[in-house]
2 protein chains.
Amino acid sequence: MANHGTGRLPKYRQIAAELRDAIQAGVYGPGDRLPGENELMAEHGVARMTARQALGVLQSEGVVEARKGAGVFVRSFRPVRRRGVQRLAEDVWGAGRSVWSADVESRDLVVDGVRVTEEAAPGPVAGVLGLEETETVCVRRRRFVLDGKTVMLSSSYLPAALVAGTAITTPDSGPGGTYARLAELGCKPVHFREEIRCRMPSAEEAERLQLSPGTPVIDICRTAFAESGRAVEVNEMTLDSASYALEYDFGA
Amino acid sequence: MANHGTGRLPKYRQIAAELRDAIQAGVYGPGDRLPGENELMAEHGVARMTARQALGVLQSEGVVEARKGAGVFVRSFRPVRRRGVQRLAEDVWGAGRSVWSADVESRDLVVDGVRVTEEAAPGPVAGVLGLEETETVCVRRRRFVLDGKTVMLSSSYLPAALVAGTAITTPDSGPGGTYARLAELGCKPVHFREEIRCRMPSAEEAERLQLSPGTPVIDICRTAFAESGRAVEVNEMTLDSASYALEYDFGA
DNA sequence: GAGTGGTCTAGACCACACC
DNA sequence: GTGTGGTCTAGACCACTCC
């Protein structure tokens with residue numbers, strides 16, 4: 001019968017809208033448990049799949065989160081502020097501090113799973129770095145964990161020929177990080193470009209970033225340029241959008 | 001029976017993975033039609049709801065798009081590049097050109113539905129603009145349409161007392177737009193801050209932006225500062241993430 | 001008219017969380 | 001153990017698209 005009676009909206013959308021409004025109105029706050037499938041079935045006189053669909057709508061909107069065996073709960077958001085410009089200022093990495101430390105002041109951040117490899121450059125990266133087909137790149141893959149949750153995956157690509165024999169090719173790139181090492185090589189990054197996209201994650205990414213359904217990811221692709229105009233690094237990052245707010249400051 | 005036999009993944013995820021891989025491998029290109037529910041039922045020997053769930057996974061990943069009565073199709077992406085820094089350079093709006101025109105070179109862009117109102121300032125906006133409870137703001141709401149598709153909704157807030165009697169309070173803000181008018185008022189914007197978030201849209205937003213399921217939105221909140229350090233405008237934008245790639249350039 | 005996806009029902013078994 | 005959400009079946013009627 002699909003759509004008779006009350007209104008033009010399908011039942012499951014009506015139920016979803018009702019719950020969404022209740023959350024908006026503060027009836028259910030962050031962390032609160034919503035009426036479950038059985039309760040919705042009884043209250044609205046619908047079949048289980050219909051109640052389930054309603055909750056599915058809110059889930060794919062990122063409003064609620066289902067926990068198996070426990071219930072459906074209102075999600076809360078505490079994004080970290082990531083300053084795109086100040087965090088890459090030379091006085092940050094020039095002073096021997098980690099670039100990342102400029103982001104998070106007092107929360108428990110861990111960088112783990114650093115893996116450094118030498119590989120053939122992916123097509124687009126090779127193009128930006130100006131590499132020939134035969135040239136390889138040094139890839140530094142990292143995982144960033146904040147308060148126990150994975151919030152970002154990062155892959156940094158540098159011309160292998162340029163960074164050979166430096167600390168860049170080791171997991172610990174030393175004080176000031178990769179950019180300080182590049183400066184010592186006479187390739188000090190002086191200009192950056194960040195390109196931002198937003199999309200839904202693949203199933204694999206959702207697992208790696210521990211994302212609950214309805215959470216998009218942010219792709220940031222940063223290119224670092226030396227004084228000569230040469231691109232010396234390409235860094236591809238994938239961020240949990242529920243964990244981040246990006247900020248860029250600039251003049252007119 | 002839920003989960004026996006082949007593997008540990010639920011059937012609908014297996015089917016989804018299979019289709020996803022086929023798309024990745026190019027078996028189905030952008031715009032191509034995927035096997036429908038009936039076909040999946042027959043090929044995999046599953047019930048309709050299971051085949052449906054599989055397609056639902058790909059839909060919520062933004063990979064495919066269902067068209068009622070027609071089929072399920074692979075989506076294609078042609079994002080517009082939005083340069084965050086250059087587009088707000090003074091020589092753009094100072095020369096009497098529209099800020100927006102810096103974004104899109106040769107595609108059919110329309111700004112429509114401009115509505116200008118005077119309202120009480122929303123709490124966060126009032127705080128940034130440094131307004132008292134009793135002070136109102138001039139709100140300029142706009143809709144941006146590219147190649148026939150709505151790609152952005154924008155609400156610009158300015159102190160009503162500051163802009164009273166200027167073209168800012170009319171739908172057509174004149175050559176160079178709002179910023180040129182602010183300059184004439186002695187409040188030339190010299191510094192900008194853009195804050196970016198990403199999330200799934202509400203049902204209402206999805207409709208207004210004509211988003212297919214699985215498409216996140218990008219929120220950009222831009223604050224314009226005058227020489228004095230005073231915030232003179234707050235612009236809240238909501239973008240279709242499938243239509244945009246953001247770009248920011250800056251020095252070390 | 002035939003085929004498609006959209007909505008909905010009424011059952012079922014399972015794994016997991018909490019008590 | 002009881003209740004929760006996760007998966008799955010086997011039907012049904014509808015609105016829509018395309019021929």
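So you know, we letter chains A, B, ... as the sequences are listed, proteins then strands, and number each from 1.
- Projected onto DNA chain C by closest heavy-atom contact, B:M49 and B:G36 fall at different nucleotides, the more 5' of which corresponds to B:G36.
- Under the 3.5 Å distance criterion, the side-chain polar atoms of B:K149 are matched with a main-chain donor or acceptor of B:L209.
- Between B:L40 atom CG and C:dG3 atom C1' there is a gap of 15 Å when expressed in whole angstrom units.
- Side chain B:R52 to base C:dT7: no donor-acceptor pair is found below 3.5 Å.
- Note: CG (B:L34) to C1' (C:dT4) measures 14 Å, nearest angstrom.
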Could you go over nucleotides 17-19 of chain D and give all protein N or O partners under 3.5 Å, atom names and distances?
| unit_1 | atom_1 | unit_2 | atom_2 | d |
| --- | --- | --- | --- | --- |
| D:dT17 | O4' | B:G69 | O | 3.3 |

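- Considering only side-chain atoms of B:R33, the nucleotide from C:dT4, D:dT7, D:dT9 that sits closest is C:dT4.
- B:L55 has its CG atom 7 Å from the P atom of C:dG5, to the nearest Å.
- Remark: B:Y12 is in phosphate contact with D:dT7, judged by side-chain N or O atoms under 4.0 Å from OP1 or OP2.
- At distances below 3.5 Å, not a single donor-acceptor pair connects side-chain atoms of B:E61 with backbone N or O atoms of A:M200.
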List, one per line, each side-chain donor-acceptor pair under 3.5 Å for residues 114-122 of chain A, sequence neighbours excluded.
| unit_1 | atom_1 | unit_2 | atom_2 | d |
| --- | --- | --- | --- | --- |
| A:T117 | OG1 | A:E119 | OE2 | 2.7 |
| A:E118 | OE2 | A:T136 | OG1 | 2.8 |
| A:E119 | OE1 | A:R141 | NH2 | 3.1 |
| A:E119 | OE2 | A:R141 | NH2 | 2.3 |

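- Distances shorter than 4.0 Å separate some side-chain N or O of A:T50 from OP1 or OP2 on C:dT9.
- One interatomic measurement links the two molecules: NE2 of A:H44 to P of C:dT7, which rounds to 17 Å at whole-angstrom precision.
- Looking only at atom types and distance, the side chain of B:T150 has a donor-acceptor partner in the side chain of B:Q210 under 3.5 Å away.
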Atom pairs and distances, side-chain donor-acceptor, residues 48-57 of chain A, under 3.5 Å, sequence neighbours left out:
| unit_1 | atom_1 | unit_2 | atom_2 | d |
| --- | --- | --- | --- | --- |
| A:R48 | NE | A:E37 | OE1 | 2.7 |
| A:R48 | NH2 | A:E37 | OE1 | 2.6 |
| A:R52 | NH1 | A:E37 | OE2 | 2.6 |

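- Checking D:dT7, C:dG5, D:dT9 against every side-chain atom of B:K11, the shortest atom distance belongs to D:dT9.
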Listing, residues 25-33 of chain A side-chain donor-acceptor contacts under 3.5 Å, not counting sequence neighbours, or none:
| unit_1 | atom_1 | unit_2 | atom_2 | d |
| --- | --- | --- | --- | --- |
| A:D32 | OD2 | A:G29 | N | 2.9 |
| A:R33 | NE | A:A70 | O | 3.3 |

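- A donor-acceptor contact under 3.5 Å is formed by the side chain of B:R48 with the base of C:dT7.
- Following rounding to the nearest Å, B:Q59 (CD) and C:dG5 (P) show an atom-to-atom distance of 10 Å.
- Of the residues in residues 202-215 of chain A, none lies under 4.0 Å from DNA chain D by heavy-atom distance.
- Proximity of A:F77 to A:R75: side-chain heavy atoms (C-beta onward) are separated by under 4.5 Å at one or more points.
- In this structure, B:R13 atom CZ and D:dG6 atom C1' are separated by 10 Å, rounded to whole Å.
- One can place CG of B:L9 at 16 Å from C1' of C:dC14, the figure rounded to the nearest angstrom.
- In this model, no donor atom of one side chain and acceptor atom of the other lie less than 3.5 Å apart for B:R143 and B:S154.
- A sub-4.0 Å separation between OP1 or OP2 of C:dT4 and a side-chain N or O of B:N38 is present.
- Taking atom CZ of B:F73 as the reference point, atom P of C:dT4 lies 11 Å away to the nearest angstrom.
- Atom CD of B:Q24 is surrounded by 12 or fewer heavy atoms from other residues, nucleotides or ligands within 6.0 Å.
- Partners of A:S173 according to the side chain to side chain contact (heavy atoms under 4.5 Å, CB included) rule, which considers only residues two or more places apart in sequence or in another chain, are A:R140, A:T178.
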